[in-house]
Novice: 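Take this structure, written in structure tokens, and hold onto it; I'll ask about it next.
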Amino acid sequence: MQSKLPHIGTSIFTVMSQLAVKHNAINLGQGFPDFPMSEALIDCVTEAMKAGGNQYAHTYGAPILRERLAEKINFLYQTTIQPETEITVTPGGTYAIFSAFSTIIQPGDEVIIFEPAYDSYIPNITFNGGIVVPIALEFPNYSIPWDKVKAAITKKTKAILVNTPHNPTGVVMTKEDMLQLQEIVLSNHLYLISDEVYEHLIYDDKKHESVLKYPELFARSFVCFSFGKTYHCTGWKLGYCVAPENLIKEYRKVHQFNAFSCDTPKQLGIAKHMLAKEAYLSLGNFYQAKRDYLRKLLANTPLKYIASSGSYFESYSYAGLSNESDQVFAQKLVKDFGVAVIPMSAFYHDGTDHKVIRLCFAKKEATLDAAAACLQKL
Ligand code: PMP
Ligand code: GLN
């Protein structure tokens, strides 16, 4: 069979998690919490199942969930989103993003992404017939080089993808970034896919600059979210896309004949649980404490953090310790030191290697303690 993705191998997250199991290592690689999710939310889902919420949900998402999402968006971003016509619930954030690409990309269209980039973007664009135009964030502060973005735009440029807070670097976009982005998107009639799955995981008193706060930009955008990050349940694979009616009309055609609809009891359970705003409003402080805890534990090791202000990742440079490639270094950490991490080069199409690894701090203190004890031996 002719491969549609001839250059794509196994995701680095799968590779490192398998190695973690094989070597019985502590997994700070793949991003997922190792502590329990809310019992209250589990109860809400159980109640929904017991009450008979077990058949197909509405294809665009359970109406009550879409209403709650519109209320939440209004509360957080002071904008009015129509639940009937501007929100579609999806089986996870990755699917929400993939569907946006499927909606807009025609063969040969160019899509600009920033690297290091979350690993699904390139295969998603390629699979949909698009051409990836990668632009490297400036190392080591991972800022967006807007001049290079402007220079990369051609007649074929169809869209830009942004991700804030950013995986893997934890960098967050500023208001100035958003205004630059808006200017570029509007003046070139582009579309924007905004990956905001870490919207609540933001630190150091920074504010999340959602595209939803920029009405003119939103008019050209698909804004994608994931409940997995917000409610510590990455295995639930539930998310949503917010986009203006004219865009989401086409998006829903793609969704309708792919997933058609999403897990009903989880939608109903989350809709009920969403009334407790504290669950998401407390996430910033909760995860900032974990980021700082890990920083402190690693302070006297040769690993030097490159500051993250969001997401549940922080990258660490080992340049002072070794010249090995980050792939080799990551292999050594998992095999000889018992800690799985992600080599940052995996997030670059050309394997750019700055001697940096990504650590996930969405872990119990005991897990971070145990990982740090292993890394002290470096
Ligand atoms: N985008 C980014 C940047 C992510 O880190 C993740 C989570 N792995 C996703 C999208 C996908 O979220 P989901 O697990 O809901 O598909
Ligand atoms: N988002 C998670 C990460 O960046 C993993 C998702 C996955 O395994 N596909 O680690």
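First listed ligand is number 1; within each ligand, the first listed atom is number 1. Because the structure is a prediction, the values reported are computed rather than measured.
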Novice: Identify the protein heavy atom lying closest to atom 7 (C) of ligand 2, giving its residue, its atom name and the separation to 0.1 Å.
Specialist: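 The answer is Phe13 CD1, 3.5 Å.
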Novice: Using 4.0 Å as the upper bound for N to carboxylate O, is an ion pair formed by Arg66 and Glu84?
Specialist: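 Salt bridge absent between Glu84 and Arg66.
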Novice: If the threshold is 4.0 Å, N to carboxylate O, is there a salt bridge linking Lys253 and Glu250?
Specialist: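 Looking at Lys253 and Glu250, the cut-off is met.
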Novice: Does the N or O separation between Asn163 and ligand 1 drop below 3.5 Å for any pair?
Specialist: no
Novice: Give me the nearest non-hydrogen protein atom to atom 7 (C) of ligand 1 as residue plus atom name, then the distance to 0.1 Å.
Specialist: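 Atom 7 (C) of ligand 1 sits closest to the protein heavy atom Lys229 NZ, 2.4 Å.
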Novice: Report the member of Gly29, Gly31, Cys360 with the shortest heavy-atom distance to atom 10 (O) of ligand 2.
Specialist: Gly31
Novice: Check each heavy atom of Thr14 against ligand 2 and say whether those closer than 4.0 Å belong to the side chain, the backbone, both or neither.
Specialist: neither
Novice: Please identify which atoms of ligand 1 are closer than 4.0 Å to at least one heavy atom of Gly92.
Specialist: 15 (O), 16 (O)
Novice: Report the relative orientation of the aromatic rings in Phe286 and His232; use parallel for angles under 30°, tilted for 30 to 60°, perpendicular for over 60°.
Specialist: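 Ring orientation of Phe286 relative to His232: tilted.
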Novice: When you measure from the side chain of Lys158 to the backbone N and O of Ile104, does any donor-acceptor pair fall under 3.5 Å?
Specialist: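 Indeed, once roles are kept as given, a pair shorter than 3.5 Å links the two residues.
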Novice: Looking at non-hydrogen atoms alone, which of Gly235, Gly93, Ser311 comes nearest to atom 12 (O) of ligand 1?
Specialist: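 Among Gly235, Gly93, Ser311, the closest heavy atom to atom 12 (O) of ligand 1 comes from Gly93.
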Novice: Is any NZ, NE, NH1 or NH2 atom of the basic residue among Lys72 and Glu199 found under 4.0 Å from an Asp or Glu carboxylate oxygen of the other?
Specialist: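 Here Lys72 pairs with Glu199 in a salt bridge, since their nearest N and O are under 4.0 Å apart.
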Novice: Thr94 heavy atoms, cut-off 4.0 Å: which ligand 1 atoms fall inside?
Specialist: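 Matching atoms, with element in brackets: 11 (C), 12 (O), 13 (P), 16 (O).
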Novice: Report yes or no: is the cationic atom of Lys363 (NZ for Lys, CZ for Arg) under 6.0 Å from the centre of the six-membered ring of Phe32, at an angle within 45° of the ring normal?
Specialist: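 Positive - Lys363 is close enough to the ring of Phe32 and near enough to its axis.
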Novice: Does ligand 2 have any atom that is closer than 4.0 Å to a heavy atom of Tyr118?
Specialist: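 Judged by the 4.0 Å heavy-atom criterion, Tyr118 does count as contacting ligand 2.
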Novice: Could you tell me whether Thr234 approaches ligand 1 through its side chain, its backbone, both or neither, with non-hydrogen atoms closer than 4.0 Å?
Specialist: neither
Novice: Note the single closest protein heavy atom to atom 14 (O) of ligand 1, along with its residue, its atom name and the distance in Å.
Specialist: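 Result for atom 14 (O) of ligand 1: Lys237 NZ, 3.1 Å.
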Novice: Return the CG to CD distance between Leu181 and Glu183, rounded to the nearest 0.5 Å.
Specialist: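 Separation between the atoms: 10.0 Å.
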Novice: Quick one: sort the Phe347 and Phe13 rings into parallel, tilted or perpendicular, breaks at 30° and 60°.
Specialist: tilted
Novice: Should the heavy atoms of other residues, nucleotides or ligands under 6.0 Å from OH of Tyr203 be counted, would the total exceed 12?
Specialist: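 Result for OH/Tyr203: enclosed.
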Novice: Between Gln267 and Val89, is there a side-chain heavy-atom distance shorter than 4.5 Å?
Specialist: yes
Novice: Measure the distance from atom 8 (N) of ligand 1 to every protein heavy atom, then report the residue, atom name and distance (to 0.1 Å) of the closest one.
Specialist: Tyr118 OH, 2.9 Å
Novice: To check your reading of the model: name the closest protein heavy atom to atom 10 (C) of ligand 1, its residue, and the distance in Å.
Specialist: Asp195 OD2, 3.5 Å
Novice: One residue to check: Met16. Relative to ligand 2, which of side chain, backbone, both or neither has a non-hydrogen atom less than 4.0 Å away?
Specialist: neither
Novice: Of all the atoms in ligand 2, which lie at a distance below 4.0 Å from a heavy atom belonging to Gln30?
Specialist: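 Per the distance check, 5 (C), 7 (C), 8 (O), 10 (O).
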Novice: Can you pull out the closest protein heavy atom to atom 4 (O) of ligand 2? Residue, atom name and distance to 0.1 Å, please.
Specialist: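 That would be Asn167 ND2, 2.8 Å.
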Novice: Please work out whether any backbone atom (N, CA, C, O) or any side-chain heavy atom from C-beta onward of His166 is under 4.0 Å from ligand 1, and answer side chain, backbone, both or neither.
Specialist: neither
Novice: Does an N or O anywhere in Tyr95 fall below 3.5 Å from an N or O of ligand 1?
Specialist: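 No.
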Novice: Mark up the atoms of ligand 2 that fall under 4.0 Å of a heavy atom belonging to Lys229, in ascending order.
Specialist: 1 (N)
Novice: Give a yes-or-no answer on whether the side chains of Asp195 and Tyr121 include a donor-acceptor pair shorter than 3.5 Å.
Specialist: yes
Novice: Only one of Tyr95, Phe260, Tyr60 clears ring pair (Phe, Tyr, Trp, His ring centres under 6.0 Å) with His255; which?
Specialist: Tyr95
Novice: Pick one of side chain, backbone, both or neither for how Tyr198 approaches ligand 1, counting any non-hydrogen atom pair under 4.0 Å.
Specialist: side chain
